[in-house]
Amino acid sequence: MSAEVQPGRTTQDGDRAVVPGGTVVLGGTTVTLLDAEGAVEAILGGCLDRRVPLGVVSANLDHVYHFGSGGRWQHCLEGATDLEWLTLLDGAPLAAEAERITGRPWPRLAGSDLIGPVLDRAEEDRLRVGFLGGSPESHILLRGRLAERRPALRVAGFWTPSRGELEDPEMSRAVARSIADARTDLLVVGLGKPRQELWIAEHGSETGARVLLAFGAVVDFLAERVRRAPSWVAEHGLEWAWRLALEPGRLSERYLVQGPEAYTRLRRNSASAAGTRIALSDAARASAARTAALAAHPASRGREPLHPRTLPDGRFVPADEPADVAALVVTYNNADSIGPLLDSLRSAARSVRLRVVVADNSPDSQTLDALAHGSEAFTDVVAFQTGGNLGYAGGINAAMAAAGDAGGYLVLNPDTTVLPGAVDAMLARLRAGAGAVVPLMLGDDGAPHPSLRREPTAARAWGDALFGARLPRRPQWSAETDYDPESYAHAHTVDWATGAALMVSAEAARAVGPWDERYFMYSEETDYCRALRERGFDVWFEPGARVMHSGAGSGSSRGLADLMAVNRIRYMRKNHPGVPTALATAAVVMRETLRAADAGHRHTLGVILRPGRWSGLPHAEPYPSPPDGGHPEGCVIIPAHNEERVIARTLEGLRPALASGQVEVIVACNACTDRTAQIAGGLPAVRVLDLPEPGKARALNAADAIATRWPRVYLDADIEIPPAALKSVLTELGRGRYLAGRPDFRYDTSACRPLVAAYYRARVRVPSNRAALWGAGCYAMTEAGHAAFGAFPYDAADDYFVDTVFEPDQKTFISCEPVVVRPPRTAGSLVSTLHRVYRAPSASGGRATPGRTVGGLLASVRGPASAIDAAVYAMFALAGRRQPGAIGSRGERAWERDESSRR
């Protein structure tokens, strides 16, 4: 039975187009059914009397792919309150679907077909016509064609901005002002989908044009640079094949990759506008989406203005007063990074009533002490210890319980920085009806980070397993991460995004309830965003809100890497049970198998294949009571050879540990000829060994012989370990789960030459460089771990040797306040140091893995800045491998010691 067509509007009041036909929903897009004559009248009838501009779109499969159900820009055109849209029928599949629904055929109204009659009418009505888009060459040809064939047409102007100019909001506004200054009545916009529709939605009203035609390649057709398909080709619905044959490089993805997916959406999401055969979304979701779309691009346009009642000087709102936003921060040994985040929120508090809640999962009080006693005390922060490591989800739930009433809850990683205006932009989007908002995430280099994600499916799991970050433009159904730069330039709904920053409305938070703590870390934000969508709330991406995430230098943990893989399977079991879970699990196994050359991936594969080990992965657990001295027991051993310039600085950070009486500190001076021993001995309770023979291994073995406590931290004399980091290391190894470990570390390159600083920026981005015990100048072992080898060998680098002794599941990389590593300052010192580093594998009985490093280096490139850093890294790596080692006077190889960092 044919569905009845909904009658259209037949009046013309200056604000509405004449719609003598009806409307149907095709692929989730409402299309007006007209003939050619009715379309021209609907477009230009009463054009000069229009108070609201009209945007005209031709709907084909490409339009369904971008703007229909499931499309990236599904709701984006709905928010242009200062713009009316008319969507016309185009494309043979849509025409066939419209005929199936209504029971009668409807003509296709492609822009290339309508442009002739529209320009005829524009000549008659003396309208000023402008052309935006296309190449400068096309516009040169177009000028000539119009002068020759349409001398009576009043041309307002030609505009050919570059893609970069169109992606810049200020440049786009300048183009729109230029169009307005030319007194343009009718603007032909040929930027290609989806850019032309998005540009019209964002800047159409600023152009002053009464009608804007999103007609794609029509400029090239008018200029006769591209030939139209013969009539018989168009009549048989094969115009797409004609265009594909003419421009295979540009159009193959649209027709061969995106087309089949769009056709599937078309068949699943089509009906009469008045029918009830399909539901585009839950009523609540549809309502929220329409309202949220009112916050149209660019940021701050069309939104409900804020009416802040802020506290003076940007102070945070106390717990017993109403707040617009409650920022929830879950910390774990973040004494060093929490201050900058709170400083950035202080700026936001000058325009929004902001409450800040810190839920601390740390095993000690260092983070909370930093809030209360730092250089700038944050006494207006609601901060408390959770009593255990509850994980990210558990910490968020604890923070939300303590946050009280607020209009929205902003979840933030402690290593983020909220840039000015971000909180306002996200809150405005919430007030417009969004359920949750995610910002534009920026990396350390200021480049956008690919943080937007699609719902996990078995197909996407297989795509990611086989290709990873390669082939970023592969079909959406085969990739979970959205790598398209255009996705990060415009606001739109998303499935989910990485959980470093997310604002959720109070209404949505009440409807969804607590975060699922079974995930501990990873996949909890995926699960939460899915719960939001299931309850009718959309998650919006807001590019006007920018947050920097300094996560590139974070340490890694084998247990957390295993947990990430396992949680992918747990998520599928919970939300896509049955066959999809089985297929996705196979994909996760395949992913680790294909990367099994890396020891970490081999270990993860073993964990996945043995579900009985999953219970041993990181999970929420309370902390045991501390020892009587309030400090975990242990020992710190510092080998030192002529370190008088740095030893005092290193020992200064150990004062709290020495004062506790729970930690012994031994400085083993090996053949020192300076004042190292005297300086070290000046600190009470430090034991000093003054050894006559040189050699780091001799110093370590001598210190081990007199030490009495475990675990033991082996610390280079020029490395600073913060008190909180030492506590974390001793606490973690004291539990007996691991045999060895090291804390996080960071490179202080403030005194380094630019090329050296670039090398270390690239180095921290290579995963394999951070998944080992070496590299930090600090590692630790339990008594059982030390017994695995007995004594340090004299002919090997100690940290590299120790790393080879233990299997991945016997080592841990502890997320805590980082130790400070001061690298070589000059290029010559760096090359000399690298030569010693690259000798370490062979001297320790291991082998280097340059292939893995090269792969990690290539994967770390996310933009021009990181690409330059990677090139510098490769240059130094090659120089370090090729430089011959220095030979001593007696024939032995000399030790290349860096002196530049000790100045």
Side-chain angles (χ1 to χ4, degrees), residues 326-342 356-372 374 378 381-403 409-416 498-502 514-525 528 549-551 554-564 567 616-626 630-632 722-735 737-738 741 743-744 812-818:
L328 314 179
V329 185
V330 180
T331 56
Y332 183 85
N333 293 332
N334 293 111
D336 189 51
S337 59
I338 189 65
L341 167 60
L342 296 182
V356 177
V357 180
V358 174
D360 186 31
N361 280 338
S362 305
D364 53 48
S365 62
Q366 295 292 322
T367 301
L368 298 188
D369 290 345
L371 296 180
F378 294 95
V381 171
V382 179
F384 60 94
Q385 286 188 300
T386 62
N389 187 0
L390 306 186
Y392 197 54
I396 292 171
N397 290 335
M400 190 169 290
Y409 298 93
L410 175 59
V411 177
L412 290 168
N413 268 20
D415 56 353
T416 56
T498 54
L502 178 144
W515 292 54
D516 191 337
E517 298 183 18
R518 291 173 294 181
Y519 292 105
F520 187 72
M521 285 185 67
Y522 309 122
S523 295
E524 74 279 0
E525 71 268 53
Y528 191 78
H549 186 204
S550 301
S554 298
S556 59
S557 162
R558 175 49 43 212
L560 292 180
D562 298 340
L563 181 66
M564 182 184 296
N567 276 354
L617 293 173
H619 57 279
E621 55 184 339
Y623 289 124
S625 300
H631 197 289
L726 179 60
K727 275 189 173 183
S728 297
V729 171
L730 295 178
T731 298
E732 183 61 42
L733 290 186
R735 294 180 178 135
R737 181 184 301 173
Y738 301 100
D744 281 355
T812 182
F813 305 100
I814 301 159
S815 177
C816 62
E817 186 176 353

Distance-minimising heavy-atom pair for Thr331 and Ile338 = CG2-CD1, 3.9 Å
Polar side chain donor-acceptor pair, Asn361 to Tyr392, under 3.5 angstrom | no
Assess whether side chain to side chain contact (heavy atoms under 4.5 Å, CB included) is satisfied between Trp515 and Val411, documenting all intermediate values.
-> CA-CA 12 Å; Trp515 292 54; Val411 177; 4.2 Å; yes
Distance-minimising heavy-atom pair for Ala620 and Phe520 = N-CD1, 3.4 Å
Closest heavy-atom contact between Val729 and Pro743?
-> CG2-CB, 3.7 Å
Shortest non-hydrogen pair, Asp364 vs Ala724, comes out as OD2-O, 3.8 Å
Heavy-atom side-chain contact between Lys727 and Asn333 under 4.5 Å = no
Just wondering, do Asn389 and Pro363 contact through their side chains at under 4.5 Å, heavy atoms?
-> no
OH on Tyr519 to CD on Glu524, rounded to 0.5 Å | 9.0 Å
Thr367 and Asn334 side chains, donor-acceptor separation under 3.5 Å | no
Step-by-step side chain to side chain contact (heavy atoms under 4.5 Å, CB included) determination, Arg737 to Thr812 | CA-CA 9 Å; Arg737 181 184 301 173; Thr812 182; over 6 Å; no
How many angstroms lie between CG in Leu328 and CG in Leu410, if you round to the nearest 0.5 Å?
-> 7.5 Å
Least distance between heavy atoms, Pro818 atom then Pro722 atom = O-CG, 3.2 Å
Under the side chain to side chain contact (heavy atoms under 4.5 Å, CB included) rule, what do Ile396 and Tyr409 come out as? Steps first, then yes or no, please.
-> CA-CA 10 Å; Ile396 292 171; Tyr409 298 93; over 6 Å; no
Give the intermediate values and the outcome of side chain to side chain contact (heavy atoms under 4.5 Å, CB included) for residues Leu342 and Leu371.
-> CA-CA 9 Å; Leu342 296 182; Leu371 296 180; 3.3 Å; yes
Any Tyr528 side-chain heavy atom under 4.5 Å of Asp516 side chain = no
Shortest non-hydrogen contact from Ala402 to Val357?
-> CB-CG1, 4.3 Å
Would you check if Gln385 and Leu368 make a side-chain contact, meaning some heavy-atom pair closer than 4.5 Å?
-> yes
Side-chain heavy-atom pair Leu560, Phe813 within 4.5 angstrom cut-off = no
Distance from Ile814 atom CD1 to Tyr738 atom OH, nearest 0.5 Å?
-> 9.5 Å
State, yes or no, whether a side-chain contact exists between Glu525 and Leu502 at a heavy-atom distance under 4.5 Å.
-> no
Taking Thr386 for its side chain and Gly388 for its backbone only, find out whether a donor-acceptor pair lies under 3.5 Å.
-> yes
When you measure from the side chain of Asn567 to the backbone N and O of Met521, does any donor-acceptor pair fall under 3.5 Å?
-> yes
What is the distance from atom NE2 of His631 to atom CG of Leu726, rounded to the nearest 0.5 Å?
-> 5.0 Å
